[in-house]
K.L.:
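Here it is, the structure, as structure tokens.
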Amino acid sequence: MRKIIFILMALSLSLFASAESVNIWEGTSCNQKVLLTPYIADDSDGVSIIVCPGGSYFWHDIETEGHGVAKWLQANGISAFVLNYRTAYVPAFITHFRYIFRGNRYPDPQDDLRQTIHYLRAHAATYGIHPEKIGAMGFSAGGHLVMSSAELFDPQDWPAFIVPVYPVVTMTDKCVHKRSRRGLLGDSKKGNTDLKELLSLEKHVPADCPPVFLVNCTDDPVVDYRNSELLDSALTAKAVPHRYIQYKTGGHGFGASDTKGTPECRQWKQQFLKWLKTII
């Protein structure tokens with residue numbers, strides 16, 4: 001019962017959006033409502049970041065890994081946009097109804113991220129951002145989402161840089177995060193070998209992948225730390241410019257919080273800001 005209450009609270013938070021939020025699909029042939037919440041920096045040099053919170057592709061940790069991250073970026077001169085991409089949601093987690101009905105599943109989150117990139121480029125002047133300096137930062141399942149953009153999208157739709165934080169990576173290795181796999185694939189597709197292969201990020205890194213900043217902790221109790229090691233190895237094998245920081249402590253779900261995790265893992269924020277200056 002406690003677990004169900006927690007999930008319902010997470011769902012209610014994921015439905016929150018400020019009055020400034022926009023529907024990325026408005027005016028298109030896609031009959032969906034997917035909200036994007038802007039946090040525009042006052043003294044920005046045009047760099048912006050799409051923020052994709054985690055939640056196992058079932059829900060969103062919208063505060064810690066969404067709005068909290070965006071406010072931190074905004075305070076550091078980076079415009080941020082929190083994407084409430086489509087997830088399976090709590091009823092699919094509890095009832096397994098997607099054995100019968102489609103519900104939300106792959107490629108819905110990926111379609112939402114691609115459309116967000118299109119939307120921001122088209123409205124770059126409105127937000128005061130550079131259309132070719134739009135990065136993507138994701139946490140946990142959101143980390144899988146942003147990294148999948150470089151592997152599943154056409155190059156012209158890639159973000160300028162990618163920041164997976166304690167990401168889900170594999171769908172086939174023994175260290176797979178099974179809840180995220182079920183959330184993304186759906187109950188009727190979670191055994192689909194071809195789909196699991198396609199969505200295992202360590203297997204499809206392109207040689208011309210955008211720069212990547214990757215971080216996780218070895219004491220992560222949710223997503224096995226070896227997910228990030230698999231991605232790091234794949235990026236290294238393809239000589240993709242990237243930085244990988246592996247902390248010993250911090251666990252999972254700390255986002256950009258000043259209190260969650262540990263003092264060690266919270267160093268990632270300053271390390272990221274330093275790295276960003278070297279690539280933009």
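Small disclaimer: the values here were computed from a predicted structure and weren't measured. Computation of the quantities below employed the complete heavy-atom set of this structure, encompassing side-chain atoms and omitting hydrogens, waters and symmetry-equivalent molecules.
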K.L.:
Would you mind checking if Arg226 and Asp220 are paired as a salt bridge, meaning a charged N to carboxylate O distance below 4.0 Å?
P.N.:
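Salt bridge absent between Asp220 and Arg226.
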K.L.:
Calculate, to the nearest 0.5 Å, the distance between atoms NE2 and CG belonging to His130 and Leu120 respectively.
P.N.:
14.0 Å
K.L.:
In sequence, state the C-alpha distance, the side-chain angles, and the governing distance for Asp258 and Lys269, and then conclude on salt bridge (charged side-chain N to carboxylate O under 4.0 Å, His left out).
P.N.:
CA-CA 10 Å; Asp258 291 329; Lys269 295 183 289 182; 2.7 Å; yes
K.L.:
Under 4.5 Å between any side-chain heavy atoms of Val222 and His177, yes or no?
P.N.:
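Yes, side chains in contact.
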K.L.:
What I want to find out is whether Lys203 reaches Glu197 closely enough, with some N-O distance under 4.0 Å, to be called a salt bridge.
P.N.:
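Yes.
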K.L.:
Shared ILVMFWY cluster between Val165 and Tyr244, side chains joined below 4.5 angstrom?
P.N.:
no
K.L.:
Please say whether more than 12 non-hydrogen atoms of neighbouring residues, nucleotides or ligands are located less than 6.0 Å from NZ in Lys238.
P.N.:
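Atom NZ in Lys238 is crowded, with more than 12 foreign heavy atoms closer than 6.0 Å.
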K.L.:
Do Trp268 and Tyr247 have side-chain heavy atoms sitting under 4.5 Å apart?
P.N.:
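Yes, their side chains come closer than 4.5 Å.
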K.L.:
In sequence, state the C-alpha distance, the side-chain angles, and the governing distance for His242 and Asp232, and then conclude on side-chain hydrogen bond (donor to acceptor under 3.5 Å, both in side chains).
P.N.:
CA-CA 8 Å; His242 75 288; Asp232 173 54; 2.8 Å; yes
K.L.:
Report the relative orientation of the aromatic rings in Phe97 and Phe101; use parallel for angles under 30°, tilted for 30 to 60°, perpendicular for over 60°.
P.N.:
tilted
K.L.:
Any chain of hydrophobic side-chain contacts (each under 4.5 Å) joining Val215 to Val51?
P.N.:
yes
K.L.:
Using side chain to side chain contact (heavy atoms under 4.5 Å, CB included), reason through Phe139 and Val69 one step at a time and then give a plain yes or no.
P.N.:
CA-CA 10 Å; Phe139 299 80; Val69 172; 3.5 Å; yes
K.L.:
Before giving the answer on ring-ring contact (aromatic ring centres under 6.0 Å, His included), spell out for Phe254 and Tyr166 the whole-Å C-alpha distance, their side-chain angles and the decisive distance to 0.1 Å.
P.N.:
CA-CA 10 Å; Phe254 45 83; Tyr166 43 82; 4.9 Å; yes
K.L.:
Can you find a heavy atom in the side chain of Ile50 that is under 4.5 Å from one in the side chain of Val82?
P.N.:
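With C-beta onward as the side chain, the pair stays apart.
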K.L.:
Which distance, rounded to the nearest 0.5 Å, do you find between the CD of Glu229 and the OG1 of Thr170?
P.N.:
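The CD atom of Glu229 sits 13.0 Å away from the OG1 atom of Thr170.
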K.L.:
Can you name the closest pair of heavy atoms from Ile24 and Gln115 and give their distance?
P.N.:
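Of all heavy-atom pairs spanning Ile24 and Gln115, the closest is O-NE2, 2.9 Å.
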K.L.:
Using the rule given for side chain to side chain contact (heavy atoms under 4.5 Å, CB included), can you reason through Leu184 versus Met171, listing the C-alpha separation, both sets of side-chain angles and the distance that settles it, and then say yes or no?
P.N.:
CA-CA 10 Å; Leu184 181 59; Met171 295 289 160; 4.2 Å; yes
K.L.:
How long is the span from the CG atom in Asp173 to the CD atom in Glu202, to the nearest 0.5 Å?
P.N.:
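Going from CG on Asp173 over to CD on Glu202, the span is 6.5 Å.
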K.L.:
Identify the heavy atoms of Ser56 and Ala141 that sit nearest to each other, and give their distance.
P.N.:
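Closest approach of Ser56 to Ala141: N-CB, 3.6 Å.
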K.L.:
Report the distance from atom NZ of Lys133 to atom OG of Ser48, rounding to the nearest 0.5 Å.
P.N.:
10.5 Å
K.L.:
Show the numbers, then the answer: is there a ring-ring contact (aromatic ring centres under 6.0 Å, His included) between Phe213 and Trp275?
P.N.:
CA-CA 8 Å; Phe213 183 93; Trp275 174 83; 5.4 Å; yes
K.L.:
Take Asn192 and Lys196 through the test side chain to side chain contact (heavy atoms under 4.5 Å, CB included) and record every step on the way to the result.
P.N.:
CA-CA 6 Å; Asn192 186 307; Lys196 289 190 292 185; 5.7 Å; no
K.L.:
Identify the two heavy atoms, one from Cys175 and one from Asn227, that lie closest to each other, and give their separation to 0.1 Å.
P.N.:
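In terms of heavy atoms, the two residues are closest at O-ND2, 2.9 Å.
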K.L.:
Arg105 versus Leu185: any side-chain heavy-atom pair under 4.5 Å?
P.N.:
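The answer is no; the side chains never approach within 4.5 Å.
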K.L.:
Are Phe153 and Ile134 linked, directly or through intermediate hydrophobic residues, by side-chain heavy-atom contacts shorter than 4.5 Å (ILVMFWY only)?
P.N.:
yes
K.L.:
Any idea which heavy atoms bring Tyr39 and His67 closest together, and the distance?
P.N.:
OH-ND1, 2.7 Å
K.L.:
Do Val205 and Ile279 belong together in a cluster built from hydrophobic side chains that touch within less than 4.5 Å?
P.N.:
no
K.L.:
According to a hydrophobic-cluster definition based on side-chain heavy atoms being under 4.5 Å apart (Ile, Leu, Val, Met, Phe, Trp, Tyr only), do Phe272 and Leu231 belong together?
P.N.:
no
K.L.:
Walk me through it: do Ser140 and His252 pass the test side-chain hydrogen bond (donor to acceptor under 3.5 Å, both in side chains)?
P.N.:
CA-CA 8 Å; Ser140 195; His252 191 86; 3.0 Å; yes
K.L.:
We want to know whether His96 and Arg182 form a side-chain donor-acceptor pair, criterion being a heavy-atom distance below 3.5 angstrom.
P.N.:
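The criterion, which ignores hydrogens and geometry beyond distance, is satisfied for Arg182 and His96.
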K.L.:
Any salt bridge linking Asp108 with Arg102? Criterion: basic side-chain nitrogen under 4.0 Å from a carboxylate oxygen.
P.N.:
yes
K.L.:
If you take all heavy atoms of Gly250 and Cys265, which pair is closest and at what distance?
P.N.:
CA-SG, 3.6 Å
K.L.:
Compare every heavy atom of Gly66 with every heavy atom of Pro53, then report the nearest pair and how far apart it is.
P.N.:
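Here Pro53 and Gly66 meet closest at CB-N, 4.1 Å.
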K.L.:
How long is the gap from CG on Leu199 to OG on Ser180, to the nearest 0.5 Å?
P.N.:
12.0 Å
K.L.:
Would you say the side chain of His144 lies within less than 4.5 Å of the side chain of Tyr57, judging by non-hydrogen atoms?
P.N.:
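In short, these two side chains touch, coming nearer than 4.5 Å.
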K.L.:
For the pair Phe81 and Tyr127, name the ring-plane relationship: parallel under 30°, tilted 30 to 60°, perpendicular over 60°.
P.N.:
perpendicular
K.L.:
Mind telling me whether Trp59 and Phe93 have parallel, tilted or perpendicular rings, with 30° and 60° as the class edges?
P.N.:
perpendicular
K.L.:
Set out, in order, the CA-CA distance, both residues' side-chain angles and the distance that settles side-chain hydrogen bond (donor to acceptor under 3.5 Å, both in side chains) for Trp25 and Asp112, then state yes or no.
P.N.:
CA-CA 8 Å; Trp25 291 109; Asp112 292 341; 2.9 Å; yes
K.L.:
Side-chain contact, heavy-atom cut-off 4.5 Å: Leu276 with Val47?
P.N.:
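Touching, per the 4.5 Å side-chain cut-off.
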K.L.:
Let me confirm one number: the OG-CG distance from Ser149 to Leu113, rounded to the nearest 0.5 Å.
P.N.:
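Between atom OG of Ser149 and atom CG of Leu113 there are 5.5 Å.
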K.L.:
Please indicate whether Lys189 has more than 12 foreign heavy atoms, meaning atoms of other residues, nucleotides or ligands, lying under 6.0 Å from its NZ.
P.N.:
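Result for NZ/Lys189: open.
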K.L.:
What do the steps show when you test Asn84 against Thr37 for side chain to side chain contact (heavy atoms under 4.5 Å, CB included), and what is the final call?
P.N.:
CA-CA 8 Å; Asn84 201 324; Thr37 305; over 6 Å; no
K.L.:
In the structure I gave you, are the side-chain heavy atoms of Leu36 and Tyr85 within less than 4.5 Å of one another anywhere?
P.N.:
no
K.L.:
What do the steps show when you test Ser257 against Thr64 for side-chain hydrogen bond (donor to acceptor under 3.5 Å, both in side chains), and what is the final call?
P.N.:
CA-CA 7 Å; Ser257 171; Thr64 299; over 6 Å; no
